[in-house]
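For reference, the structure discussed in these notes is given below.
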Amino acid sequence: KVTISKAFYMQTTEVTQGQWKAVMGTEPWKGKQFVKEGPNYAASFVSWDAAVAYCKNLSEKESKTYRLPTEAEWEYSCRAGTETRWSFGNDEKALDAYAWYRENASNVDEKYAHQVGLKRPNAFGLYDMHGNVWEWCYDYHGESYYKDSPEKDPQGPVTGSSRVLRGGSWGNLMRHTRSAYRNRFVAVGRNYGVFSGFRVVRELD
């Protein structure tokens, strides 16, 4: 159990292709396999470094502080007050209503990140916390970090070789979309990028 001492805003959806283009002027998913293009589709093929650059540019553009969520902030937001496998409970049959994952996306030949906000939100009003694209967190990944992490505002290990990804994607199994499931990948890597996107946190003024 951890305490998050400062309130924050969490983006209600994953960053979309339209939002990415407006801030960065690029299309990292262009010409790639497993992509459907459109302003409301979740941006994919985004490395951790690129997601951090997006936050920096958006912060400068709006004179607000935007950043990636810490892993603790992400899980708090995903769980929305629950302690169950998913934010909606433990019923596997309900997952279809909340998430794009292997069964209702990849396995039915919809092999791409879908438009955001089409599934049900969690109790905090956040969409696609389960599935669609893996979401980058700020933290370095540490296998045993939970054993040593501070109780208040954990920020992840001081160093590491990879960054945390959360939430699962359209190509993943049901169990990978659970609120507690942890994944990782190198910060500069785009090989995993077919599945990876992010959402931002805005710090309160």
(message) If you count every heavy atom of other residues, nucleotides or ligands that lies below 6.0 Å from Q33 atom CD, does the total exceed 12?
(response) no
(message) To check you understand the geometry: which heavy-atom pair defines the closest contact between V108 and N104, and what is its length?
(response) CG2-O, 3.4 Å
(message) Tell me whether F45 shares a hydrophobic cluster with V52, the cluster being built from Ile, Leu, Val, Met, Phe, Trp, Tyr side chains joined at under 4.5 Å.
(response) yes
(request) May I ask you to list the residues sharing a hydrophobic cluster with L126, side-chain cutoff 4.5 Å, ordered by chain and number? (result) I4, F8, M10, W74, Y76, F124, M129, V201
(message) Check whether T26 reaches the backbone of P28 with its side chain - one donor and one acceptor, N or O, closer than 3.5 Å.
(response) no
(message) Test of understanding: clusters of I, L, V, M, F, W, Y form through side-chain heavy atoms closer than 4.5 Å, transitively. Do V23 and V116 belong to the same one?
(response) no
(request) Tell me whether V15 is reachable from Y41 by hopping between hydrophobic residues (I, L, V, M, F, W, Y) whose side-chain heavy atoms are closer than 4.5 Å. (result) no
(message) Determine whether a donor-acceptor pair (N or O, by modelled atom type, separation under 3.5 Å) exists between the side chain of R163 and the backbone of Y138.
(response) yes
(message) Going by ring pair (Phe, Tyr, Trp, His ring centres under 6.0 Å), name the residues that satisfy it together with Y54, two or more places apart in sequence or in a different chain.
(response) W20, F198
(request) List in chain and number order the residues that pass salt bridge (charged side-chain N to carboxylate O under 4.0 Å, His left out) with E203, two or more places apart in sequence or in another chain; answer none if no residue qualifies. (result) R67
(message) Restricting to non-hydrogen atoms, name the atom on S161 and the atom on V186 that form the minimum distance, rounded to 0.1 Å.
(response) O-CG1, 3.4 Å
(message) Ignoring hydrogens, what is the shortest heavy-atom contact between C55 and V200? Give both atom names and the distance.
(response) SG-CG1, 3.8 Å
(message) Donor-acceptor check, side chain of R202 to backbone of Q11, threshold 3.5 angstrom: yes or no?
(response) no
(message) Using every non-hydrogen atom in the two residues, find where A72 and P154 come nearest and quote the distance to one decimal.
(response) CB-CG, 3.8 Å
(message) Rounded at 0.5 Å granularity, tell me how far OG1 in T65 sits from CD in E60.
(response) 11.0 Å
(request) May I ask you to list the residues sharing a hydrophobic cluster with Y101, side-chain cutoff 4.5 Å, ordered by chain and number? (result) W86, F88, L95, Y98, M174
(message) Quick one, S44 and F34 - any side-chain contact, counting heavy atoms below 4.5 Å?
(response) no
(message) Heavy-atom count check: over 12 atoms from other residues, nucleotides or ligands less than 6.0 Å from E83 CD?
(response) no
(message) side-chain contact (heavy atoms from CB on, under 4.5 Å), that's the test. Do L204 and K6 meet it? Break it down for me.
(response) CA-CA 9 Å; L204 273 67; K6 293 179 182 174; over 6 Å; no
(message) Closer than 3.5 angstrom, by distance alone: can the side chain of R184 be matched with the main-chain N or O of V164 as a donor-acceptor pair?
(response) no
(message) Could you report the tightest heavy-atom contact between R85 and N90, atom names first, then the distance?
(response) N-OD1, 2.8 Å
(message) Show every side chain to side chain donor-acceptor pair (under 3.5 Å) that has at least one partner inside residues 115-131, sequence neighbours left out.
(response) S87-H130
(message) As an exercise, state the distance from CG of D139 to CG of L165, rounded to the nearest 0.5 Å.
(response) 11.0 Å
(request) Using a 4.5 Å cut-off on heavy atoms from C-beta on, say whether the side chain of P121 contacts that of T12. (result) no
(message) Let me confirm one number: the CD-OG1 distance from E92 to T177, rounded to the nearest 0.5 Å.
(response) 9.5 Å
(request) For R166 and Y181, run side-chain hydrogen bond (donor to acceptor under 3.5 Å, both in side chains): C-alpha distance rounded to whole Å, both residues' side-chain angles, the deciding distance at 0.1 Å, then the answer. (result) CA-CA 7 Å; R166 288 298 209 113; Y181 192 85; over 6 Å; no
(request) Identify, with sequence neighbours excluded, every residue that meets ring pair (Phe, Tyr, Trp, His ring centres under 6.0 Å) alongside H114. (result) W100, Y112
(request) May I ask you to establish whether R182 and Y146 are in a cation-pi arrangement, using a distance under 6.0 Å from NZ or CZ to the six-membered ring centre and at most 45° from the ring axis? (result) yes
(message) Within the structure provided, determine whether K21 and E27 are in side-chain contact (heavy-atom separation under 4.5 Å).
(response) yes
(message) Closer than 3.5 angstrom, by distance alone: can the side chain of S196 be matched with the main-chain N or O of V46 as a donor-acceptor pair?
(response) yes
(message) For F195, run the ring pair (Phe, Tyr, Trp, His ring centres under 6.0 Å) check against F185, W136, W29, W170 and tell me which one passes.
(response) W170
(message) Looking at every non-hydrogen atom in both residues, tell me the closest pair between A187 and S47 and how far apart they are.
(response) O-CB, 3.3 Å
(message) Quick one: does any side-chain atom of N40 pair with a main-chain N or O of T16 as donor and acceptor, under 3.5 Å?
(response) no
(request) To the nearest 0.5 angstrom, please state how far the OG atom of S162 sits from the CD atom of E143. (result) 9.0 Å
